[in-house]
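These notes concern the structure reproduced below.
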Amino acid sequence: MKNVLKTHNCGELTLKNAGDSVTLAGWVNRRRDHGGLIFIDLRDREGLTQIVFDPERAKEVHTLAGDLRSEYVIQVTGEVTKRPEGTENTNLPTGEIELNVNKLEILNTSKVPPFYINKESDVDEFLRLQYRYLDLRRPHMQYNMILRHRVIKFMRDFLSDRGFIEIETPILLKSTPEGARDYLVPSRLYPGQFYALPQSPQQLKQLLMVAGFEKYFQIARCFRDEDQRADRQPEFTQLDLEMSFVDEEDILSLMEQMFIEMIETLTPSFKINKPFPRYTYKEVVRRFGTDKPDIRFGMEFADFSDLFDDTEFGVFKSVLASGGHIKGICAPGSADYTRKQQDELIEFVKTYGAKGLVTLAIGETDDDVKSRVLKFLTAEQIKQMITRLDAKAGDLILVVADSPKVVNNALSGLRTEMAKRLNLTDPDELKFCYITDFPLFDRIEEENRWDSMHHPFTAPHDEDISLLDTDPGKVRARHYDFVCNGCELSSGSIRIHQPEMQKKIFNLLGYTDDQIKERFGHLIEAFEYGAPPHGGIAPGIDRFVMLLCKEETIREVIPFPKTQSATDPMTGSPSPVPPELLHDLRLKVEEEKKAKE
RNA sequence: GGCCCCGUGGUGUAGCGGCCUAACAUGCCAGCCUGUCACGCUGGAGAUCGGGGGUUCGAAUCCCCUCGGGGUCGCCA
């Protein structure tokens, strides 16, 4: 960054530059005014350099430097000198030298910042977002943003080198009722009609395959009007990509190679598991109760349902009678959990809809087991549970009995919770896995219909096609997920490329021919013009960068994120608009009805 | 929509019915200081405790409502 106002960066001067006359520009990070000498740590994007104002060297400059305060923007010219013996600062890359200033220009002053920029500290997140431009000035956030840049650049280079073309797709699209709630944009030219912001460029990238681009990618902004989470924002960024003439293997191995190379290049301190293991959906749900398991630790599920066929324990009995399951995990070394701690765990599983939690504290012998429901359990049942979980003395067995869905949700939540409490995860480790063979359909029992588990463009496995007519619930999709440390990083699939199959799927999902034509006519028609077989994937960039930055939320890697209630404290969005604007759009805002009166 | 946590000088925290005329750290202001690097020393200013209502002789502290932030369940094809 050599330019007119600065000859060097604050992070780059070393002993080699001693004797040079240089000009630096940046922010006052800290000042140490000794009355005589004044030391300033000057900060720019690249680092810190200590600059010295010596009254004997330049009296007037020294006087002017007395006015400097935190975050003033200054330009200084002076001589790089080796620091006097014993005053080097080994904590700074530039700590062997300092700049003796001959000339000082105050480029701008600064109000006292509302929070510290020159030291790491927890600050109220609302305040940070309100002054995001100052928050982003902190080295920590600069690191995150720069790493994000490097990740995206790596992806672009990697894919470009392999024949991918970056193509932009529209932000103003057609709204479709499936999936997440759309963000809508009213049309001025067609009052009463709306565009929708893309939830993902799914259909467009498929059309680009029909168009013959063969390998496409895009750093794509996606929008979903749903409630926020630590890893969910109203708008987020995906590496959207699609390839023609490929099967699962092409895509999975390409992604595996890209992520491994990227991590080894950009953040080599991470330990990663390679090759990435692949699990079927069925296997992973059986072992971990979730399709996005954290495989950095064990604590796998064991099924106890068969042990309690003849049980007199009312809770288990009624669960089994209604088709439920009884499963458990083993929390190592947690047998000493107090009643209060166990009650916390019970409250925890209740948030997942479980009615309760059975705990068994394992003592030194098989007879030495403590449980509140001990009298309902036979010695054989206990022995089996211990064996199946390979529980050791001092362990705590946690059992949930409920519908299969609740058992899996509650127990996998509990598994993650216990791993956190027991510190079972290594922050320097990234453990990836692929999940394959998802079911194509989800049953919506209440509405007596099938729904796409992923989206309706996912191809079924060839050998399962006959099941479409007989047993749709058994059809496996050519769909795959990419999971890291329990975080779903991306989803992808081999798509349907034949119009008949696509229509068949839509019909199975309950669409009438008219609805298909109205909503997806363009896609079906495109498939009639020589659509190649194709498939793709779309890794979430925010979540991936979050993992690389070891952050807990994606807000830390998004420059200007929204709050949990989807507002921006800095600009004050969303906001009302002038009536004229609404009038142009022929929009009327209905007054919110007061709840009480 | 439900549940949980949080809201005290600029910032981060302590205080959790009277000892609070609200404490500590840091920041800020002023003075002193020529080798500091979280510089040091001395002095000073600065919050009525998110907002409203209530209980009480007395409320930062207890209760209710409300606003804001965060986490999470539902939701997110």
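Below, chain A is the first sequence line, B the second, and so on; all start at residue 1.
A 3.5 Å limit on both hydrogen-bonding distances identifies no Watson-Crick or G-U partner for B/rG35. With a cut-off of 3.5 Å on both pairing distances, B/rU56 has no Watson-Crick or G-U wobble partner at all.
Remark: the A/Arg224 side chain and the B/rC76 base include no donor-acceptor N/O pair separated by less than 3.5 Å.
Counting any heavy atom pair closer than 4.0 Å across all strands shown, A/Arg128 reaches no nucleic acid atom. Contacts of A/Ser200 with the nucleic acid, taken as non-hydrogen atoms under 4.0 Å apart, include base atoms. A/Ser565 comes within 4.0 angstrom of sugar-phosphate atoms only, judged by non-hydrogen atoms across all strands, and of no base.
Summarising the geometry, the separation between CD on A/Glu556 and P on B/rG70 is reported as 11 Å, rounded to the nearest angstrom. Rounded to an integer number of Å, the gap from A/Asp231 CG to B/rC73 C1' is 14 Å. The distance between atom CD of A/Glu446 and atom C1' of B/rC75, rounded to the nearest whole Å, is 14 Å.
Comparing B/rG70, B/rC73, B/rG74 against the side chain of A/Tyr352 picks out B/rC73 as the nearest. Closest to the side chain of A/Ala230, from the set B/rC76, B/rG71, B/rA38, is B/rG71.
Distance CZ/A/Arg229 to CG/A/Asp227: 6.5 Å, rounded to 0.5 Å.
Formation of a donor-acceptor pair under 3.5 Å by the A/Thr458 side chain with backbone atoms of A/His455 is found in this model. For the pair A/Asp124 (side chain) and A/Phe126 (backbone), a donor-acceptor distance under 3.5 Å is present.
B/rC65 and B/rU72: their P atoms are spaced 25 Å apart (whole Å). Comparing the C1' positions of B/rC19 and B/rG46 gives a spacing of 24 Å, expressed to the nearest Å. Nucleotides B/rA60 and B/rC39 have their P atoms positioned 37 Å apart, rounded to a whole Å. Nucleotides B/rU21 and B/rA47 place their P atoms 16 Å apart, quoted to the nearest Å. One C1' atom belongs to B/rG27, the other to B/rG10, and the distance between them is 7 Å to the nearest Å. Using atom P as the reference point in both B/rC49 and B/rU26, the two lie 26 Å apart (nearest Å).
Aromatic rings from A/Phe301 and A/Phe288 are positioned such that their centres are separated by 6.0 Å or more.
Listed pair A/Arg229 / B/rC73 meets the phosphate criterion, a side-chain N or O lying under 4.0 Å from OP1 or OP2. At B/rC76, none of the side-chain N or O atoms of A/Gln199 fall inside 4.0 Å of OP1 or OP2 (strictly under the cut-off).
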B/S/- contact track for nucleotides 3-16 of chain B, protein heavy atom under 4.0 Å: -------BBS----
Determine, for nucleotides 30-37 of chain B in 5'-to-3' order, which nucleotides have protein heavy atoms under 4.0 Å from the base (write B), from only the sugar-phosphate (write S), or from neither (write -). S--BBBBB
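A cation-pi contact, defined as under 6.0 Å to the ring centre and within 45° of the axis, is absent between A/Lys503 and A/Phe506.
When A/Arg128, A/Lys550, A/Arg132 are each tested for a salt bridge (charged side-chain N to carboxylate O under 4.0 Å, His left out) with A/Glu556, only one passes: A/Arg128.
A/Gln233 is listed as a side-chain neighbour of A/Lys562, based on a closest heavy-atom distance under 4.5 Å. Annotation: side chain of A/Thr94 is not in contact with side chain of A/Thr14 (no heavy-atom distance under 4.5 Å).
Within 6.0 Å of the NZ atom in A/Lys82, the count of heavy atoms belonging to other residues, nucleotides or ligands exceeds 12.
For residues 27-65 of chain A, the ring pair (Phe, Tyr, Trp, His ring centres under 6.0 Å) pairs, not counting sequence neighbours, are A/His34-A/Phe39.
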